[in-house]
Structures are given as structure tokens and as C-alpha cells.
**Q** 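Here you go, one structure.
A note on names: the letters A, B, ... follow the listed sequences, proteins ahead of strands, and every chain is numbered from 1.
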Amino acid sequence: MAASEAKSKTDLKVIVLGAASVGKTCLLQRYLTGEFADTISSIGASLALKRWGDWNVALWDTAGEERYASLSSFYCRGAAVAILVVDLTEAASVTRLREVFIPLLHDSVDSCLTVVVGTKLDLASGTDREVKTSVGRALAEDEHRKQVERALMRDANSYLQSVPTEKLYYETSAKTGEGVAEVFEFIQGTLLEEMERRRSGGGGRGKGAGGMDRAIRVGEGGPTKNKSCCDK
Amino acid sequence: MSYRDRPRTEVECITTADRSLYVGTADGLIVFYQLEENLSPLGKTIYQSKVKGQIQLGGDKRKPIQQLTAVSSQRRLLALVDGLLYLMNMSTLELYDTGQRIQKLNCYCINESKSHQSSAGPFEVIVAPQRRKQIQKYTLSGERFGHVKDYSIPEPAHAMARDGNSVCVALSGQDGKYVIINIHEGNMFDILSYEPGSTPFVRRMGKGEFLVNAGSFGITTTISGISNRPPVEWGSEFPPKAATYVFPYIVAWSQEAEVIRVFNLIHQKCVQEIPFNNGRYMSELSGKLYAARDKSIYLLSAMPLKEQVNDLLERELVEEAVLLAETVGALEASKNPSAAVEYMNAVKLKAAFIYLATGSFSQAETLLHESGCDPREVIVLFEGLLPQSSTFQPVASHLHSLPSIQAIAEASEGGVVLREAKKFLIRYLKEVRTTQLALGRREDIDTSLVKLLAEDHSASLVPYITNHDLHLSFDETKQALEDYKCYHALALLYYYSNQTNEALGIWTRIYDKQLSDSQFPGFSYIIEFLSKCGIIEVVLQYAKWALDRNQEVGVKIFTERLEGEKSKQLEPPFLLEYLKPYPDATLLYLEYLVNDRNSTEESFHTQLASSYLRQLLGLREETSAPDRELKRARVKLQGFLESSTRYNPACLLSEVVDTDMYRECSVLYGRMEEHEKALSLLVHKLRDYPMAQEYCEEYSKGKGRVYRQNLYQTLLRVYLQPQDRSDQKILITPALSLLNAHGAQFDAAQVLELLPHDWPVTTVKAFLLRSIRGSMDTHRTGKIEYNLSRGENLRVREQYISLQGDPIVITDNTRCPVCNLPFSDAAFVRYPNGVITHLKCGRNKTICPVTGTWFGKV
């Protein structure tokens with residue numbers, strides 16, 4: 001059962017959350033294919049596998065519509081990273097994120113690295129822009145602070161507290177590609193560093209640094225060496 | 001098979017064990033069939049059934065059999081009828097008295113992975129009572145159930161499945177949801193809620209994973225409550241009643257929609273839809289898929305995976321076909337790895353051809369790489385591309401029905417597709433030529449690639465020919481390059497085919513605009529090429545061509561040659577002769593010899609100096625020559641004359657002496673040690689007195705005192721005894737300053753002689769004072785040195801004498817070395833060197849009579 005085995009050998013889980021039609025799928029597609037494509041409204045959730053260094057990473061795209069909230073909450077479990085997406089041209093998307101998706105994330109994941117990404121930068125000029133950089137940044141820092149607090153309750157040495165807060169907010173355009181790579185480079189860099197540290201002993205780190213522990217199978221001799229045929 | 005024994009009986013549920021099939025009916029009957037599997041004459045598997053027994057459960061109420069499970073490890077059959085759990089013998093259907101009645105149940109579950117194999121632990125049944133908010137664990141030993149433990153849950157359970165110690169439970173109630181209970185540790189956590197109105201069900205799918213129905217989606221979850229797979233969307237108007245996992249598919253059945261849908265778990269898409277009306281039941285049992293209608297039971301066998309792959313390919317669903325083939329390959333790899341790889345490659349190749357036919361070149365490219373096919377199979381699709389010399393015979397043509405890419409292109413829009421196709425082939429060949437696949441096929445691949453690049457006028461054509469070790473069919477490539485006017489590449493081809501002369505012929509023609517090729521890098525390229533070229537005849541032939549066009553650059557052919565590539569013919573004397581018609585080139589070459597190769601050969605230095613000189617003179621003759629250039633040329637000449645010590649000054653002097661280049665002249669005189677002439681030029685012609693002094697300093701460096709004195713004396717003489725009397729007055733000042741500044745360098749007596757008699761003493765007072773003091777100082781220092789040395793000498797002599805003051809013993813045997821007689825009286829002579837003689841024999845006191853040493857005054 002190669003297929004099922006391959007999928008279960010995921011070392012890291014990254015989840016993309018945000019209100020309906022803010023551009024979650026486009027953001028992810030841009031990163032995965034380097035192209036911009038119009039997408040239809042996502043249903044349920046979808047998954048792409050990626051290899052970051054030695055690790056298999058599952059990038060989960062969720063559906064933003066209200067009726068899928070229960071599903072999204074389920075698929076959030078075990079996420080090491082949550083990418084919180086807001087639409088820069090739509091102030092309501094921030095409210096939705098605060099009122100629906102952040103509570104949902106808190107319910108499903110003890111703590112994780114959170115990054116706030118503003119989308120549709122190409123459209124957000126002049127009066128069309130409804131979300132200021134300062135608002136997005138405040139949201140990112142606010143959420144990160146909460147996650148650090150949650151993490152510290154379980155692990156006093158959580159790596160989250162050493163993450164530079166100024167790197168937690170990005171403004172992107174999936175259409176032009178601006179800023180997209182930076183988001184994932186930051187996440188990849190931060191996580192790989194942390195994973196390597198854990199693999200090499202982790203400096204006396206205790207258990208339970210957020211949701212990552214559940215998704216990380218460090219005890220089984222590191223990451224999988226065989227690249228499965230199903231990895232995309 | 002049909003089931004017609006009791007007209008009013010309808011199938012409700014099924015279970016199997018080995019060849020046994022148990023059917024539970026809607027009216028409480030369990031029928032036990034023995035199945036026999038046979039092959040029909042057509043090769044199809046057919047099943048024949050034989051009734052082995054039956055039993056009516058639940059008395060006359062005739063309630064439906066809700067659940068039925070054969071537990072082969074225990075040889076038992078479990079049945080749930082009207083909430084009551086029955087236990088029977090599997091082969092006789094004998095009903096056991098289980099001791100306590102387990103009743104009012106919604107459902108039960110067993111540890112499925114243990115049910116078909118006997119294992120060490122006790123066999124356990126988990127039951128869910130109808131109205132109680134708990135599930136209960138029982139063990140089965142022999143014919144009896146033993147109650148072990150209760151686990152409380154928020155709502156009564158509606159459906160359950162178990163894997164290991166985890167039980168996934170669908171809770172009924174207002175907000176129905178799925179939870180997982182670990183019956184070992186006793187803890188419980190939520191999975192997710194299902195949509196109201198949907199039929200909740202739970203299926204175990206492989207180890208550690210459950211499949212649950214969330215309403216519109218089928219969701220998989222691991223026993224730790226995390227999902228590794230995206231949800232499967234059931235689709236509209238399809239409320240599933242049951243679903244099950246048959247690798248690699250999820251099969252769902254909707255009683256309402258009367259349809260069975262098959263979803264591929266790899267990409268979560270519905271791949272097949274089977275109409276199934278009047279359905280009663282569907283489940284996977286021992287790896288087989290059973291579906292039941294009212295009166296009949298069907299065994300749905302999956303088409304062999306390979307056939308599915310072929311089918312998908314036929315329908316041009318390439319992506320799915322490849323995915324499935326990979327799955328098949330992975331399954332087969334454990335049994336026969338090489339066959340698995342071969343199979344996958346064949347599928348991929350076929351898939352690639354389908355992509356090619358539809359113009360999806362990038363997809364085709366990936367697959368072609370993965371399939372590891374002979375690249376020529378693709379090349380051959382492009383008409384006229386494979387070299388005629390190739391012996392290749394396509395073998396993969398049965399995999400596709402493609403006539404040629406050109407034909408496809410014509411069938412569609414034409415130009416665009418063909419261009420795309422060629423671009424694709426270029427990419428593909430570039431990639432593939434570096435792999436194992438190219439071994440033994442390099443010539444075909446490389447030639448095709450170069451032809452394509454030439455046709456495309458690609459910028460990478462030249463780098464490819466230059467940087468890669470290409471195996472080319474010469475004639476074919478040449479023809480293509482000529483046809484597409486890629487002359488630079490053609491020249492390179494000649495060059496790499498050891499036809500340097502032809503190559504250069506083309507380049508020079510390109511430069512001379514007889515041929516045109518924008519890829520040609522230009523003149524300097526030819527120069528660089530020639531500078532590296534090892535064939536001397538060719539170099540000399542084309543060097544002339546190059547020098548005729550640009551001497552300065554052309555000379556680099558010789559100056560930038562690597563040392564190792566020198567041949568006798570290109571030695572400097574030969575080249576200087578060769579370069580004679582090109583003065584600029586000669587000059588640069590000489591500079592190269594002198595500056596870069598540090599040649600010490602006098603003639604090179606002389607020639608260089610005279611080249612500089614000639615250049616300067618030439619410039620002077622041109623009235624229009626800008627001052628700056630003149631100045632530069634002059635500085636160059638002066639710099640060289642002053643820095644180099646190798647040239648022959650006499651040769652040069654003849655050319656300079658009649659000009660007004662006094663400075664150069666003075667340097668040359670200096671080199672010839674004709675200081676007076678040199679200085680007089682500096683003083684009288686240039687009137688550059690500091691320079692004159694510098695000159696003295698320069699030339700007296702490292703020389704003795706006398707030489708220095710002479711030099712300064714000469715300068716003074718030049719100052720004081722000018723040929724032109726009228727200058728005398730003017731030169732007094734520098735003369736005095738010289739005297740006063742460098743007084744120590746002069747012999748005062750000679751200076752006094754030089755000084756005009758009518759000069760008052762005061763003018764040279766400073767000099768006199770200093771030189772007198774200097775003389776006195778020298779005199780006194782000499783005296784001190786003399787006396788110190790004398791003291792030292794005396795002291796040593798004293799020491800010497802005292803060392804020799806030993807007594808002299810004379811015996812009867814001692815003989816005088818002069819007369820060889822013994823000493824008879826007390827008087828004798830001793831010489832300082834220790835020789836002892838008779839008085840008479842040592843007549844001369846200062847000469848030793850034996851050794852002849854003279855002991856005169858020291």
C-alpha cells in the first residue's frame with residue numbers, strides 16, 4: 001500500500017486558513033506551480049505534498065465557506081504552521097479571521113507558528129485597499145503572542161518565542177507572484193532549523209511544544225529517506 | 001447468485017469466512033452457504049453455492065438481522081437481531097446459551113484484524129446499548145461472554161468500528177459526531193461532527209485508520225484523530241448508506257440514489273459509477289466487495305489494476321493511468337522489482353505518446369524521462385531529423401499511432417504546435433543526452449539536437465558545440481548548419497573536426513562581411529582562437545590577415561600565447577622579422593617581451609627603445625598630433641630609458657643626438673658613462689639644476705668614494721667652466737648651492753683649483769669651513785684608529801712572547817739542525833720559531849737557518 005504509506009509519512013503539516021475567496025488556493029497554487037490560475041471555490045480540503053530538505057511536508061488548503069468550518073477544524077489538527085490569509089481589499093476578511101478561524105485554530109491546535117498573509121496586493125491600490133499594513137502586522141503579532149503564551153504553558157523553551165515577529169506578516173499577490181516565495185521561505189527556514197535542532201537532541205527541550213510534536217515523528221529515526229512515487 | 005428459498009425473505013446483511021457465506025435476512029433468518037469457485041469455459045470466475053444450513057433467530061417476531069459477523073478464529077458466528085446479541089457455531093449454526101443476555105443494543109464491533117486469525121489475546125466484543133451513554137466491552141471464551149468494562153460516552157452510540165485499542169464511535173443525538181475512544185487508556189476525543197440527516201457510519205480501513213461519513217464527505221482519520229488524506233466528496237444527490245475501502249478505492253453506496261460510486265483515494269475523484277437499484281447491502285468482506293439486492297448477492301470484482309490502467313490510457317485519462325500504474329508498480333515491486341519497473345516504464349511511455357499526440361509537451365517530457373525510453377523513439381517522430389547514417393529502428397511504434405509530429409501539427413493549428421514540439425524536443429534532448437540513456441546513441445541524439453538548435457537559431461547552439469563533447473555526424477550537421485546559415489557554429493564544427501583552416505576561413509569571411517551570423521562573437525574571438533591554436537602554419541597565415549585589420553589586437557595572437565605552446569618558429573627573433581611590416585604590432589610585441597617575459601636580450605631592449613623613439617619622432621613630424629599624445633609618448637620613452645638597463649645606448653644616441661631631446665640624450669650619455677656630456681646637457685641646455693644633482697646622486701649610488709667625487713667634480717666643472725662664457729654668471733648660484741649642499745662629496749683641494757681666482761673667500765666660506773672640518777675630522781679619526789691598532793698589536797706581541805717563554809732543555813742527544821753535531825757548551829741560539837742552533841751556526845739573527853723564515857721588524 002504504497003500510496004497510503006506515503007501519505008502517512010508526513011513530517012510536517014502546514015495549514016492555510018482564512019475566509020471565503022480571500023485567495024488561499026491561489027496563494028498555494030502560486031507557490032506550488034509558480035503560476036497564477038483562477039480557481040473555483042474549494043470544497044472540503046485539499047492537500048499537496050512537498051519536500052523541504054529531509055522532511056515531507058503536507059500543505060493543506062481549506063475551504064473558507066462557513067459550512068466547512070467543522071471540516072477545517074478537523075484538518076487543522078496536528079498543524080505545525082497555520083497560514084492565516086486575509087484579503088487586503090476586504091476589511092471583513094480580517095474580522096472573519098478573528099471571529100471564526102482563529103478560534104477554530106485555537107480549538108484544534110495547542111500552539112503553532114502563525115503567519116498572516118495579505119493577498120491581492122496587485123488590486124490593493126488607493127481606495128481599493130481596505131486593510132492597512134499596520135492592521136495586518138498587528139494581527140500577526142497579536143496572534144503570535146497568543147500562540148507563544150499557549151506554547152509556554154506546555155514548554156518553557158518553545159522555539160516560538162524566538163521567532164522574529166517582524167517576519168510574521170506578508171503582503172502578496174498570487175497574480176504577480178510578489179511576496180509569495182518569501183512567505184514559504186520564511187516558514188521553511190524557521191521549521192527546518194527547529195526540526196534539525198530537535199533531531200540533534202533539541203537542547204534539553206521538553207515534550208509538547210505545540211501541535212508540532214504530534215505531527216513530527218522524530219523518534220522513528222528522522223525523516224523518511226525514500227522519496228515516494230506519490231510525492232508531487 | 002439468486003436466493004429464492006423463501007419468497008418473502010430479503011437480504012439484510014452478509015458475512016463470510018473462507019468459503020462460507022452467511023446471509024442474514026430481513027425476517028430473522030440466517031442461511032449458511034458453501035461457495036465453490038470455478039473457472040467458466042470463457043475463463044471467468046464463477047461461483048456456485050450450496051445451502052449448508054439455516055436458523056431462524058428472534059422467534060416469530062421475524063425481525064431483521066441487524067449485524068452478522070463470522071469469527072473464524074473462534075469458529076463462531078455473531079448476530080444482532082432486535083437488539084439482542086446471538087452466538088452460534090459457525091459450521092453447525094448451533095445457538096449457544098451465552099449466560100447473560102446482551103440486549104437492547106444499537107450495534108457491536110469486534111477487533112476486525114483479529115477476527116480471521118487466532119491470536120493470543122481473548123476475543124473481545126464491544127457493544128453499544130440503545131439508550132445508555134456508554135459502550136461495553138465483553139470477552140468471549142468458549143460459549144460465554146464475560147463483561148469486562150464500561151466506557152461512558154456523551155450520547156448513545158450509533159455505529160462503531162475498532163482498530164487495535166481504538167474504537168471510533170458515531171454518536172447519535174442532536175449534534176451527532178464521531179469520537180475515538182482508546183479502550184486501553186480509557187480516554188476519548190472528538191473527531192468531527194456529521195451533518196444532520198446523514199447516515200453515520202464508521203469503517204476500519206487498514207491499520208490505524210478509519211473511514212467515516214461526515215455527510216457530504218467521506219473522511220479518513222488516523223487513530224490519533226489526524227487526517228493524512230483530503231476528504232472525498234460524495235457528490236450531490238448521493239447520501240451514502242455505506243462505504244468501504246478497497247485499495248486503492250473508496251466504494252460508496254447510496255440506497256437512495258441507487259448508485260455505487262468508486263472514488264480513487266489518491267486524487268479523491270469519482271472514477272466509476274455503477275447503477276444499483278433495490279440495493280440492500282454493500283460491504284467489503286475479506287478483501288472482496290459484496291453488494292446485495294433483495295434477492296440476490298453480487299460479488300463486485302475489481303478489474304485487474306493493469307487492465308484499469310490500459311482502460312484509462314485508452315480514454316486518454318493519462319494522469320490517472322500513470323498514478324494507478326505507479327500504485328500497481330509499487331505493489332508489484334516487492335515481488336518482481338524489474339518487471340514492475342518495466343511495466344511502469346511501458347505505461348509511462350505510452351502515456352507520453354498520448355501527451356505528444358495532444359500537444360501537451362511538457363507533460364510528455366516528464367514522462368519520457370521517467371520512462372527511460374530510447375530517445376530516438378521520439379526523434380524519429382520528427383521527419384527528417386534522425387541522421388541518415390543512423391541504424392535505429394523504432395520499436396515503440398506499437399505503443400502509439402502517431403505518424404509524425406509534423407502530421408499532428410498540420411492537423412491542428414500548424415506552426416505554433418510544431419514550434420512548441422521542437423522546443424520540447426530540444427529541452428528533452430539536452431536533458432537526456434547527459435543520462436545513461438544516451439549511451440551508444442550519442443551521435444543520433446547530438447546530431448538531432450544540433451540540427452534543431454540550428455533551425456531554431458538558438459542562442460544555446462554555440463555554447464553547446466563549444467562546451468559539450470558532442471558526437472556529431474559531420475556531413476549531416478554541416479549540411480544543416482549551412483542550410484540554416486549558422487556559420488559560426490559551422491566554423492566550430494570544422495574546428496572540432498580538426499579542420500582548423502576551414503574554420504578560420506569561415507570566421508574571417510564573417511568578419512569581412514562576406515557571410516553573416518549574429519552569433520559570431522567578433523574579431524577578438526579569432527585573435528583568441530589563433531593565440532591558442534597550435535598549428536603554426538595556420539596561425540601565421542591568419543595572423544597576417546588579422547594584423548592587416550588591427551595591429552594592436554592582432555599582436556595578441558603572439559603576446560597571449562601560452563608559454564607551453566611555443567614552437568621554435570614562434571621564437572621572438574622570427575616573430576620580430578614577421579612583424580616588421582607592422583610597427584605598432586612590433587612595438588607591442590617588444591613591450592610584451594621586455595615587460596611580461598622579462599627578456600634580458602639587449603637587442604629587444606634596444607629595439608623597443610628605438611621603437612618608442614621612432615613613434616615619438618613620427619608624432620613630432622605630424623603637426624596635428626595632440627600635445628597630450630606627444631607628451632605620453634615622450635614619457636614612455638623617458639621612462640623606459642631610465643628604467644631599463646639592457647639597451648645599447650650608443651645605437652640610440654645617434655638618433656637622438658641631433659634632436660632637442662636633451663633629457664633622453666643625457667640619459668644615454670649617462671649609460672655610456674659620459675657624465676660630463678650628460679651633465680652639460682642638463683645644465684646648459686635644460687638648465688635643470690636639481691635634475692643635474694639628482695643625476696649625480698643616481699649614478700654615484702653604490703659606487704666608491706672616488707667615483708662619486710669625480711662625478712660631483714665633473715658637475716662642478718660643468719658649472720664653473722661653461723663653454724659659453726656668458727653663462728658663467730648664471731651658473732654661480734647652482735655651483736655654490738652644490739658646494740654648500742654636497743660639500744662632503746668633494747676633494748677640497750681640487751675644488752679650490754677649479755674656483756675662479758677672483759672669487760672672494762666669503763662666497764665659499766661655508767664650503768671651506770665644512771671641508772676643513774671634514775678633513776680635520778678624517779685626519780683625527782685616522783690617527784685614533786692608527787694608535788688603537790698599534791696598541792692592540794703590541795698587546796698581542798707581548799702575549800705571544802710570553803707564550804714562548806718556556807725553558808729549553810738540551811741533552812747529549814740534542815743536535816744542532818744546521819751542523820748535526822751535539823751541543824758541547826752552554827751557549828746556543830734560539831730563533832723565534834723555536835729552532836735551536838750552535839752559536840756559530842746561527843750567524844744571522846734575523847733569518848732562521850733551517851726554515852729560512854725572516855724575523856725582521858714587523
**Q** Looking at A:Glu149, I want to see if its CD is surrounded by more than 12 non-hydrogen atoms of other residues, nucleotides or ligands under 6.0 Å.
**A**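 Counting other residues, nucleotides and ligands, CD of A:Glu149 exceeds 12 neighbours.
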**Q** Using a cut-off of 6.0 Å, state whether more than 12 heavy atoms not belonging to A:Lys146 lie near its atom NZ.
**A**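 Correct, the count exceeds 12.
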**Q** Given that the side chain runs from C-beta out, which part of B:Thr220 has a heavy atom under 4.5 Å from chain A: side chain, backbone, both or neither?
**A** backbone
**Q** Side chain, backbone, both or neither: which part of A:Ala45 has a non-hydrogen atom closer than 4.5 Å to chain B?
**A** both
**Q** Indicate yes or no: at least one non-hydrogen side-chain atom of A:Tyr75 is less than 4.5 angstrom from one of B:Pro231.
**A**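 They are in side-chain contact.
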**Q** Any side-chain heavy atom of A:Tyr68 within less than 4.5 Å of one from B:Phe217?
**A** yes
**Q** With a cut-off of 6.0 Å (strictly less than), are more than 12 heavy atoms of other residues, nucleotides or ligands near NE2 of B:His158?
**A**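 Counting neighbours around NE2 of B:His158, 12 or fewer heavy atoms of other residues, nucleotides or ligands fall under 6.0 Å, so no.
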**Q** Just verifying a value: how many Å separate A:Leu71 CG and B:Ser216 OG, rounded to the nearest 0.5 Å?
**A** 8.0 Å
**Q** Within a 6.0 Å radius of atom CD on B:Glu273, are there more than 12 heavy atoms belonging to other residues, nucleotides or ligands?
**A** yes
**Q** Going by the rule side chain to side chain contact (heavy atoms under 4.5 Å, CB included), which residues pair with B:Asp190 if we only count those two or more places apart in sequence or in a different chain?
**A** A:Arg77, B:Lys177, B:Val179
**Q** Heavy-atom distance under 4.5 Å between the side chains of B:Asn228 and A:Leu47, does that happen here?
**A** no
**Q** When rounded to the nearest 0.5 angstrom, what distance separates OG in A:Ser70 from CD1 in B:Ile219?
**A**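 It comes to 8.0 Å.
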**Q** Taking all atoms of both residues into account, what is the closest heavy-atom pair of A:Trp60 and B:Ser227, and its distance?
**A** CZ2-O, 3.4 Å
